[in-house]
There are 2 protein chains.
Amino acid sequence: MSNGTDKNSFKILFGKNLKRIRESKNLSFRQLATRCNIDYSDISKIEKGKRNIQLSSLLELSKGLGIHPKELLDFDFELDEKG
Amino acid sequence: MSNGTDKNSFKILFGKNLKRIRESKNLSFRQLATRCNIDYSDISKIEKGKRNIQLSSLLELSKGLGIHPKELLDFDFELDEKG
DNA sequence: TTATTAGTGGGAAAATATACCCACATATAT
DNA sequence: ATATATGTGGGTATATTTTCCCACTAATAA
């Protein structure tokens with residue numbers, strides 16, 4: 001059974017993807033924070049997969065990064081547990 | 001200035017896209033609800049753009065629909081206010 | 001040493017989603 | 001009329017995010 005594991009791994013993958021995009025734009029947490037309405041320390045937590053953000057926060061991040069929101073979800077992810 | 005307007009229009013577009021996908025699979029609210037851990041009445045509200053769901057709920061919906069989460073964000077959306 | 005920048009994480013009040021149930025209107029069919 | 005299925009929306013307690021500030025460490029530079 002993959003209980004809360006799926007949910008957690010998804011958050012972690014999301015965070016890693018966010019980190020990848022942020023670094024590709026050479027932005028620090030504090031720099032990105034000035035471009036969206038999210039505190040720099042909270043962005044750090046999001047990238048660590050510690051937070052289950054809402055659509056509005058996803059939108060803020062995408063605005064700060066200048067990308068379409070769907071890019072933040074653009075990573076491999078298996079829906080079921082699978083070999 | 002496009003204050004909370006962006007946030008709202010994004011939720012509404014998200015809801016419309018969810019509705020489009022759900023109907024393409026010929027699922028009623030109650031049928032989709034049995035496939036994910038979200039109440040049927042709440043799915044209705046999400047499609048109406050009334051709710052600002054979390055990543056975990058986005059994941060539940062995508063599991064219920066059998067699609068990758070990013071498909072739920074796959075719709076046109078302008079980041080800035082723009083003519 | 002001193003200053004600056006970066007990442008990390010704790011904490012708390014306020015705002016909000018979640019999870020759940022219920023009731024109602026409509027449509028279809030028996 | 002009765003039964004079934006669909007969409008809609010109200011309401012509530014609980015859980016959680018959000019928002020914000022602060023402090024610490026490490027690295028770099030003057």
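So that the names make sense, note that chain A is the first sequence line, chain B the second, and so on, each numbered from 1. If you're wondering where the values come from, they're calculated on a predicted model, not measured in any experiment.
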* Between A:F77 and A:F75, what is the ring plane arrangement, given parallel below 30°, perpendicular above 60°, and tilted in between? -> perpendicular
Could you grab the distance from atom [atom1] of [X] to atom [atom2] of [Y], nearest 0.5 Å is fine?
| X | Y | atom1 | atom2 | answer |
| --- | --- | --- | --- | --- |
| A:K50 | A:D42 | NZ | CG | 11.5 Å |
| A:E47 | A:R20 | CD | CZ | 11.5 Å |
| A:L55 | B:K11 | CG | NZ | 8.5 Å |
| A:N52 | A:F14 | CG | CZ | 10.0 Å |

Length of the line joining [X]:[atom1] and [N]:[atom2], which is rounded to integer Å:
| X | N | atom1 | atom2 | result |
| --- | --- | --- | --- | --- |
| B:I46 | C:dA17 | CD1 | C1' | 10 Å |
| A:I43 | D:dT18 | CD1 | P | 12 Å |
| A:N37 | C:dT16 | CG | C1' | 17 Å |
| A:E60 | D:dT18 | CD | P | 11 Å |
| A:L58 | D:dT17 | CG | P | 15 Å |
| A:L55 | C:dT18 | CG | C1' | 14 Å |
| A:R51 | C:dG10 | CZ | C1' | 13 Å |
| B:I38 | C:dA17 | CD1 | P | 14 Å |

* Asked: Mind checking whether A:N17 and A:L13 have side chains closer than 4.5 Å, heavy atoms only?
  -> no
* Asked: Is A:L72 close to B:L73 at the side-chain level, that is, under 4.5 Å between some pair of heavy atoms?
  ->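 Side chain of B:L73 against side chain of A:L72, heavy atoms only: no contact under 4.5 Å found.
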* To do: Remember a base hit wins even if backbone is also touched, and classify A:I53 as base, sugar-phosphate or nothing at under 4.0 Å, heavy atoms.
  => sugar-phosphate
What's touching nucleotides 3-10 of chain D from the protein side, N or O pairs under 3.5 Å?
residue, atom, partner, partner atom, Å
D:dT6, OP1, B:S28, OG, 3.4
D:dG7, OP1, B:R22, NH1, 3.3
D:dG7, OP2, B:F29, N, 2.8
D:dG7, N7, B:R30, NH1, 2.9
D:dG7, O6, B:R30, NH2, 3.2
D:dT8, OP1, B:K48, NZ, 2.7
D:dG9, OP2, B:K50, NZ, 2.6
D:dG10, O6, B:K45, NZ, 3.0

* DNA chain C: stems of at least 3 consecutive Watson-Crick or G-U pairs whose donor-acceptor distances fall under 3.5 Å -> C:1-30 with D:1-30
* By side chain to side chain contact (heavy atoms under 4.5 Å, CB included), which residues pair with B:S28, not counting sequence neighbours? ->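 If we apply the side chain to side chain contact (heavy atoms under 4.5 Å, CB included) test to B:S28, skipping adjacent residues, the hits are B:R30, B:Q31.
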* Give a yes/no answer on whether the side chain of B:S56 brings an N or O atom under 4.0 Å of OP1 or OP2 in C:dT18. => no
* Quick one: closest heavy-atom pair of B:P69 and B:L58, and the distance? =>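 Closest approach of B:P69 to B:L58: CB-CD2, 4.0 Å.
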